[in-house]
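As structure tokens, the structure follows; a few thoughts come after it.
In what follows, every heavy atom counts, from backbone to side chain, and hydrogens, waters and symmetry copies are set aside. Just so you know, ligand 1 is whichever comes first in the structure, and atom 1 is the first atom listed for that ligand.
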Amino acid sequence: MRKKVIAGNWKMNMDLRQSQKLVSEILNGLGKDSKAEVIVCPPFTSLSEVSSLLKGTQVKLGAQNMYYEESGAYTAEISAEMLKSVGCEYVILGHSERRVIFNESDELINKKIKTALAKGLKAIFCIGELLEQRENGQTMNVVSMQIEKGLEGISSEQMKNVIIAYEPVWAIGTGKTATPEQAQEVHSFIRELVAKKYSTSVAEGLIIQYGGSVKPDNAGELLSQKDIDGALVGGACLKADSFLGIIASA
Ligand code: PEP
């Protein structure tokens with residue numbers, strides 16, 4: 001039985017003081033033995049402070065991006081080692097906002113995933129189709145291609161440290177959620193793809209999160225689907241009570 005994994009992507013929100021407040025409220029509201037794994041992904045500027053507040057708790061720390069080179073003249077970029085040095089265990093890679101706004105390609109995302117895994121970070125690898133692609137019946141093709149290219153050269157062993165987040169782009173930050181059936185259909189397709197590419201045991205162990213306007217009132221139904229193993233949450237993770245509500249549904 002796969003554990004549910006709920007991650008909060010704070011995006012470009014929360015200065016240092018707001019980050020301290022949010023993480024303290026989450027920790028206060030979280031029961032001692034939440035069954036779900038909980039990850040918070042603050043902006044870079046808050047990682048170190050949030051990391052200190054998370055010490056000794058069950059909540060894990062993730063970053064929202066990184067670069068694949070180790071060090072050097074890459075102004076404004078952050079390396080895997082830097083993330084590890086402030087206590088990150090996870091890093092989100094291939095988020096649709098990185099793909100669409102910052103033109104990140106599947107090839108670049110693949111390099112980042114390879115480096116993250118080689119350096120001992122766990123990758124939350126985001127994939128998902130645009131509205132136009134869904135309307136043209138291309139969802140499964142898009143998702144297959146993103147998996148093929150994004151996971152190129154990643155071994156079965158390394159897949160233990162990969163979470164796939166299926167996030168239909170039309171559902172991110174729009175208030176439109178995929179129906180549990182729509183999401184389940186794609187999640188089950190992703191699991192089959194991974195089974196073909198790797199093995200049934202890799203596919204069965206793989207955590208596949210859903211992301212796209214997840215809220216406390218829709219989380220329960222989404223998370224009860226057979227192949228939905230958690231959620232990557234944007235807007236609703238910025239308030240402790242709604243993030244805690246989602247965690248409680250898991
Ligand atoms: C996201 O950005 O990963 C996301 C799912 O955002 P939201 O929950 O706001 O749709």
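Of the listed options K11, K215, E167, K11 places a heavy atom closest to atom 2 (O) of ligand 1.
Judged purely by atom type and a 3.5 angstrom limit, T57 has no side-chain atom pairing as donor or acceptor with the backbone of L53. N13 places a side-chain N or O within 3.5 Å of a backbone atom of W10 that can act as its donor or acceptor partner. The backbone N or O of F189 sits nowhere less than 3.5 Å from a side-chain atom of E192 that would complete a donor-acceptor pair. Put simply, the side chain of Q64 gets close to the backbone of C41: a donor and an acceptor are under 3.5 Å apart. Side chain of T174 to backbone of W170: a donor-acceptor contact under 3.5 angstrom is found.
Nearest protein heavy-atom neighbour of atom 1 (C) of ligand 1: H95 NE2, 3.2 Å. Residue, atom and distance of the protein heavy atom nearest to atom 8 (O) of ligand 1 are G234 N, 2.8 Å. Nearest protein heavy-atom neighbour of atom 9 (O) of ligand 1: G235 N, 2.8 Å.
None of I6, I207, L223 except one satisfies the side chain to side chain contact (heavy atoms under 4.5 Å, CB included) rule with D229; the exception is I207.
Ligand-side atoms of ligand 1 in range of S213: 7 (P), 8 (O), 10 (O), range being under 4.0 angstrom from any heavy atom. Taking every non-hydrogen atom of G212 and a distance limit under 4.0 Å, the qualifying atoms of ligand 1 come out as 5 (C), 10 (O).
Heavy atoms of A171 found under 4.0 angstrom from ligand 1 belong exclusively to the backbone.
The closest approach between G173 and ligand 1 falls below 4.0 Å for a heavy atom of the residue.
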